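All values reported here derive from a predicted model rather than from experimental measurement.
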Amino acid sequence: MTNRPLETSFDVRFYETDALAHVSNTVIVGWFEAAREPVFKMFTPTLDLKNWPLILASYQVDFHAQIFYGRPVSVKTYISRIGNSSFDVFQELWQNENKCASGTTTMVHFDYKNQQTCAIPDEVRSALASHLLEKDA
């Protein structure tokens with residue numbers, strides 16, 4: 001059985017296009033972050049910024065095809081790695097059944113008060129695992 005991705009859709013807004021008449025590459029990073037909100041809620045269901053438990057360690061995006069105004073896009077979000085205190089989120093952006101971008105973001109469970117990483121709680125680890133991207137054998 002394959003774990004299901006978290007899916008989020010966006011309408012492409014006119015201001016997200018650039019002088020080349022396609023979506024600006026900087027927009028994709030914002031869409032990927034917005035599509036990670038269900039992952040954020042696994043750690044803090046209320047999204048309370050005063051008790052935020054995550055820090056972004058890195059992200060990388062690959063562009064596969066142009067994205068255009070006037071057609072919605074969909075982001076599929078998977079978990080691709082779960083470590084002790086960090087995990088990787090793998091995302092794909094689709095428009096008209098074409099994969100247009102993909103990327104990986106490393107997030108760290110972080111205690112801001114003590115300025116240190118901390119282990120991912122078991123219940124959160126289980127929630128993350130339900131969206132684990134299964135690698136081809």
Exercise for the section: Show your reasoning for whether side-chain contact (heavy atoms from CB on, under 4.5 Å) applies to Leu128 and Met107. Expected result: CA-CA 12 Å; Leu128 292 170; Met107 304 291 303; over 6 Å; no
Practice task
Could you check whether the rings of Phe43 and Phe87 sit parallel, tilted or perpendicular, using 30° and 60° as the cut-offs?
Solution key: parallel
Exercise for the section: Measure up the Trp31 and Phe10 rings against each other and bin them: parallel (under 30°), tilted (30 to 60°), perpendicular (over 60°). Expected result: parallel
So if you build clusters from Ile, Leu, Val, Met, Phe, Trp, Tyr with side-chain heavy-atom gaps below 4.5 Å, do [X] and [Y] land together?
X     : Y      : result
Tyr78 : Trp94  : no
Leu56 : Leu49  : yes
Phe68 : Val73  : no
Ile82 : Phe110 : yes

Measuring only between side-chain heavy atoms, which start at C-beta, is [X] closer than 4.5 Å to [Y]?
X     : Y      : answer
Ser9  : Ser74  : yes
Pro72 : Asp11  : yes
Val29 : Tyr59  : yes
Glu92 : Leu133 : no
Val27 : Val12  : no

Determine the minimum heavy-atom distance between [X] and [Y], stating which atoms define it.
X      : Y      : result
His109 : Ala119 : ND1-O, 2.9 Å
Pro38  : Leu6   : CB-CD1, 3.9 Å
Asp18  : Ser24  : OD2-CA, 3.7 Å

Handout entry: Test item: side-chain donor near acceptor, Arg81 and Ser86, under 3.5 Å
Key = yes
Exercise for the section: Check the side chains of Ser102 and His64 for a donor-acceptor pair under 3.5 angstrom, ignoring hydrogens and angles. Expected result: yes
Do side-chain atoms of [X] reach the backbone of [Y] as a donor and acceptor pair under 3.5 angstrom?
X      : Y     : result
Asn96  : Asn98 : no
His131 : Ile79 : no
His22  : Ile67 : no

Calculate, to the nearest 0.5 Å, the distance between atoms [atom1] and [atom2] belonging to [X] and [Y] respectively.
X      : Y      : atom1 : atom2 : value
Leu132 : Phe90  : CG    : CZ    : 12.5 Å
Leu93  : Thr77  : CG    : OG1   : 9.5 Å
Asn84  : Cys118 : CG    : SG    : 9.5 Å
Leu20  : Gln66  : CG    : CD    : 8.0 Å
Leu54  : Thr44  : CG    : OG1   : 8.5 Å
Asp111 : Thr117 : CG    : OG1   : 9.5 Å

Exercise for the section: Any chance you could lay out the side-chain contact (heavy atoms from CB on, under 4.5 Å) test for Trp52 and Leu47, step after step, and finish with the verdict? Expected result: CA-CA 7 Å; Trp52 196 252; Leu47 299 177; 4.0 Å; yes
Exercise for the section: Sort out for me which residue in Gln91, Glu7, Arg4 forms a side-chain contact (heavy atoms from CB on, under 4.5 Å) with Lys76. Expected result: Glu7
